[in-house]
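Everything numeric in this text was worked out from a predicted model, so none of it was measured. Each chain gets a letter, A, B and so on, in the order its sequence line appears, and its residues count up from 1.
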There are 2 protein chains.
Amino acid sequence: MVKITDVARHAGVSPSTVSYALSGKRPISEETRQRVEAAIRELGYRPHAGARALASSRSNVLALVVPLRAGIHVPVVMQFAVSVVTTARRYDHDVLLLTQEEGEEGLRRVADTALVDALVVMDVQLDDARLPLLRSLDLPSVMIGFPAEADGLTCIDLDFKAAGEACVEHLARLGHRVVALIGSPPEVYVRQTAFAQRVVQGFTAAADRGRLVSSVHPCEATPAAARAVAEQLLREQPALTGVVVHNEAILEPLIDAFDQLGLRVPADLSVTAICPDELAAAPRTPVTSVALPSAEVGARAVELLMNKLDGKTVPEATLLPPRMTERASTAPRAFP
Amino acid sequence: MVKITDVARHAGVSPSTVSYALSGKRPISEETRQRVEAAIRELGYRPHAGARALASSRSNVLALVVPLRAGIHVPVVMQFAVSVVTTARRYDHDVLLLTQEEGEEGLRRVADTALVDALVVMDVQLDDARLPLLRSLDLPSVMIGFPAEADGLTCIDLDFKAAGEACVEHLARLGHRVVALIGSPPEVYVRQTAFAQRVVQGFTAAADRGRLVSSVHPCEATPAAARAVAEQLLREQPALTGVVVHNEAILEPLIDAFDQLGLRVPADLSVTAICPDELAAAPRTPVTSVALPSAEVGARAVELLMNKLDGKTVPEATLLPPRMTERASTAPRAFP
DNA sequence: CCAGGTCGTCGAAGCGATTCGTCGAATCGA
DNA sequence: TCGATTCGACGAATCGCTTCGACGACCTGG
């Protein structure tokens, strides 16, 4: 293994000079830097991660906490994860993957052993058990999602409440007066998962404000469940003309189900969704949707962390405003 | 931060004794160990990962390489990943997440910087660009999946060829003579993804051996594509009575599509699948399937790595035999 | 021309563990 | 009873890098 002393000798400088040339923490003459860089290239030098971590008390590794709980939509979670990883790399960091098998103990472990410099926490619940731990740890952390009480913690997410409102308001503007929210699987609500709850809040608030008739329907992530909900709606809410879907897995099956029940989208029924853009654009009838900007959220989360690591202060809450794209699935209410 | 010297002082021993008590690499008297453990507990000591890595040249971190290429089924990939993480934890290792944004350079980097001790490589292609690199690296690695030429590399996977055969043979035993394989999205085949190819091989070989009429149909991972394939089959293969599905995303939509086309499963059409058991069991008509044992594969992959890290020799190839579960979707061919 | 700065580099002291070699004490067989 | 082992613990070296203080050389302004 080639080490920094080898590089130093080869370049005719001292190890510390190599280190400074690499980190830029002290000025190094252009000429010397050139020589050092050449030596590094010729020898194929790579600093030893452990040594670097020990000496600098920075591991350049972030922990990504991904509790894959029941009912979540895995592909969307992975979009976040990928975005976190690629952004971390841009800042010369790697990402350690923590699942929730270990519970909070895993967090404490990677923090206490200085294995990671900072934490990205996903799938936050309104009353998340990890909050006290995150507060007590002296590592910087960012949560993707908002708990009920986030004082002293940094959070970022799509403004799901506003997203729910935007969907309802869009439908209201089109003249719809009876709307339904088809949401995540029941267990997600039981767990008080933050983003799911907030959509409901926004949906309900906007509907009330607009004096719409509204109802909320959790739905399992299976085509069969989607069909069942569609049938139930047709039966129990015959006046229904507007739907908000907040459940990635069943967006397409649900539209199919409506179709088979004789409800044409958008002629008979306008559909909006809160989901990644690719997903909304995919069905035969592309769906008007509020984008779930996973890539942006992941990237911004990492950027927040990097700022914290640099000692900068960052806003506690970052709510990304909803961005709605109109597609073919919504139309003005038809008055028969 | 509490360090090993603190523990040593508190327990009235030397640092090296603490280290040996922890690692068990040298005998320590029961009584001393007790004292050391008590001290550790009281002080809440956690060894510094970087220091440990530097001194022992072991980071206790594995890299998990997950190229999230187009067309793969993300939830299944995550099952592997979770299984790798939890198994790694059982061996006191953590997992670094590498996506393929960086390409092979990422592999080289984590290897050269001694950031990880070993590699788990997923989504292997028949002619995988990473093979030479893996061979040249002196880190142990395990591939989940089989490339065309695996000499000198350790691989593990479900025996997809045998799985394809098992499905066909099951259908043949039930009297079916015209069968079709509905496979992964076209791009997966274009990429020469190992496991997809092998299913085709097994499917075709078994069909030929049994003198069945067979055809292969790649299929995008969308309900619409599933419907299209179903319609195409009905049109072009009216004698078809047996189907093998190797595409997690469309198993359920496909069955629905057949249903809507008036093909009853299993009365008119027998369906088998290669997919995780949960998925096969989920549809209204549970599907006879060969299990995709992600948890087992992930766990065994890590175990292989641990053995390699211990200097033990391990088999180069581990092919898990297919395990088929009969469910409601297959029945003897009806002779009208 | 000199005090006071910069600039660029060096040397050495850590960082916090692991791991040798060593050494006293206890144990054992003859 | 004595030398030979074994056992358990210690001390010091070491892992490879970062960082702090220091120190010439070179400027600059008064």
Side-chain angles (χ1 to χ4, degrees), chain A residues 1-37 39-40 43-61 92 109-117 309 311, chain B residues 1-37 39-40 43-61 92 94 109-117 309:
Chain A
M1 187 203 185
V2 33
K3 41 189 159 189
I4 200 170
T5 53
D6 301 328
V7 176
R9 198 176 323 117
H10 196 267
V13 299
S14 78
S16 52
T17 301
V18 175
S19 178
Y20 287 124
L22 234 42
S23 69
K25 295 193 179 172
R26 281 198 184 176
I28 295 289
S29 72
E30 184 53 27
E31 188 222 327
T32 305
R33 191 208 319 294
Q34 300 285 347
R35 279 221 312 291
V36 169
E37 278 167 10
I40 289 178
L43 301 181
Y45 168 69
R46 285 285 175 76
H48 186 287
R52 191 202 272 269
L54 177 57
S56 66
S57 45
R58 277 294 186 85
S59 67
N60 276 33
V61 175
D92 196 30
R109 182 174 53 80
V110 296
D112 287 354
T113 58
L115 185 48
V116 306
D117 295 335
L309 282 171
Chain B
M1 187 203 185
V2 34
K3 40 190 158 187
I4 200 170
T5 52
D6 300 329
V7 176
R9 196 177 324 116
H10 197 268
V13 299
S14 78
S16 53
T17 301
V18 175
S19 178
Y20 286 123
L22 234 42
S23 69
K25 295 192 181 174
R26 279 197 186 177
I28 295 289
S29 74
E30 184 53 28
E31 188 223 328
T32 306
R33 191 205 322 292
Q34 299 285 347
R35 278 219 315 289
V36 169
E37 279 166 11
I40 289 177
L43 301 182
Y45 168 68
R46 285 284 175 78
H48 185 287
R52 192 204 273 267
L54 178 57
S56 67
S57 45
R58 278 293 188 84
S59 66
N60 275 34
V61 175
D92 196 29
D94 276 285
R109 182 174 53 81
V110 295
D112 288 354
T113 58
L115 186 49
V116 306
D117 294 335
L309 282 171

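Rounded to the nearest 0.5 Å, atoms CD1 (B/I4) and CG (B/L22) are 7.0 Å apart.
Remark: A/T5 engages no residue in a side-chain hydrogen bond (donor to acceptor under 3.5 Å, both in side chains) (not counting sequence neighbours).
No side-chain heavy atom of A/V13 sits less than 4.5 Å from a side-chain heavy atom of A/Y20. Side chains of B/V110 and B/V61 form no contact here, defined as non-hydrogen atoms less than 4.5 Å apart. Using a 4.5 Å cut-off on side-chain heavy atoms (C-beta onward), A/I28 and A/V36 make no contact.
Checking the phosphate oxygens (OP1, OP2) of C/dA17, no side-chain nitrogen or oxygen of B/K3 falls inside 4.0 Å. Close to D/dT19, at under 4.0 Å from its OP1 or OP2, lies a side-chain N or O of A/K25. Listed pair B/Y45 / C/dA17 meets the phosphate criterion, a side-chain N or O lying under 4.0 Å from OP1 or OP2. Side-chain nitrogen and oxygen atoms of B/S56 include none within less than 4.0 Å of the OP1 or OP2 phosphate oxygen of C/dT18.
In this structure, A/D112 and B/M1 approach most closely via the heavy-atom pair O-CE, 4.1 Å.
Between the CD1 atom of A/I28 and the P atom of D/dT19 there is a distance of 13 Å, given to the nearest Å. The nearest whole Å value for the distance from the CZ atom in A/R9 to the P atom in C/dC10 is 14 Å. The interatomic distance linking B/N60 (CG) with C/dT18 (P) rounds to 10 Å, in whole Å. Protein atom CZ of A/R52 is 21 Å distant from nucleotide atom P of C/dA17, rounded to whole Å. Between the CD atom of B/E30 and the C1' atom of D/dC7 there is a distance of 15 Å, given to the nearest Å. Per the geometry, CD1 belonging to A/I40 stands 10 Å off P belonging to D/dC17, to the nearest Å. Between B/L43 atom CG and C/dA17 atom P the separation is 12 Å, expressed in whole Å. If you take CD of B/E31 and P of D/dC7, they are 18 Å apart, rounded to a whole angstrom.
Between the side chain of B/S59 and the backbone N or O of B/L115, at least one donor-acceptor pair lies under 3.5 Å. Formation of a donor-acceptor pair under 3.5 Å by the B/R52 side chain with backbone atoms of B/N60 is not found in this model. Between the side chain of A/R35 and the main chain of A/A11, a donor-acceptor pair closer than 3.5 Å is present.
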Show each protein N/O and nucleotides 11-13 of chain C N/O combination with a separation under 3.5 Å, one pair to a line.
unit_1: C/dG11; atom_1: N7; unit_2: A/S16; atom_2: OG; d: 3.4
unit_1: C/dG11; atom_1: O6; unit_2: A/S16; atom_2: OG; d: 3.2

Polar atoms only, N or O, under 3.5 Å: list the protein pairs with nucleotides 26-28 of chain D and their distances.
none

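Of the candidates D/dT19, D/dC15, D/dG8, the closest approach to any side-chain atom of B/P27 belongs to D/dG8. Each of C/dT19, D/dC17, C/dG8 was ranked by its minimum atom distance to the side chain of A/I4; first place goes to D/dC17. Comparing D/dG16, D/dT18, C/dG16 by their closest approach to the side chain of B/A55 singles out C/dG16. The listed nucleotides are D/dT19, D/dC15, C/dT19; the one nearest the side chain of B/L54 is D/dC15.
Residue contacts shown for A/V18 are absent, as no nucleic acid heavy atom lies under 4.0 Å away.
Note on B/K3 versus B/D6: no salt bridge recorded, every NZ/NE/NH1/NH2 to OD/OE distance being 4.0 Å or above.
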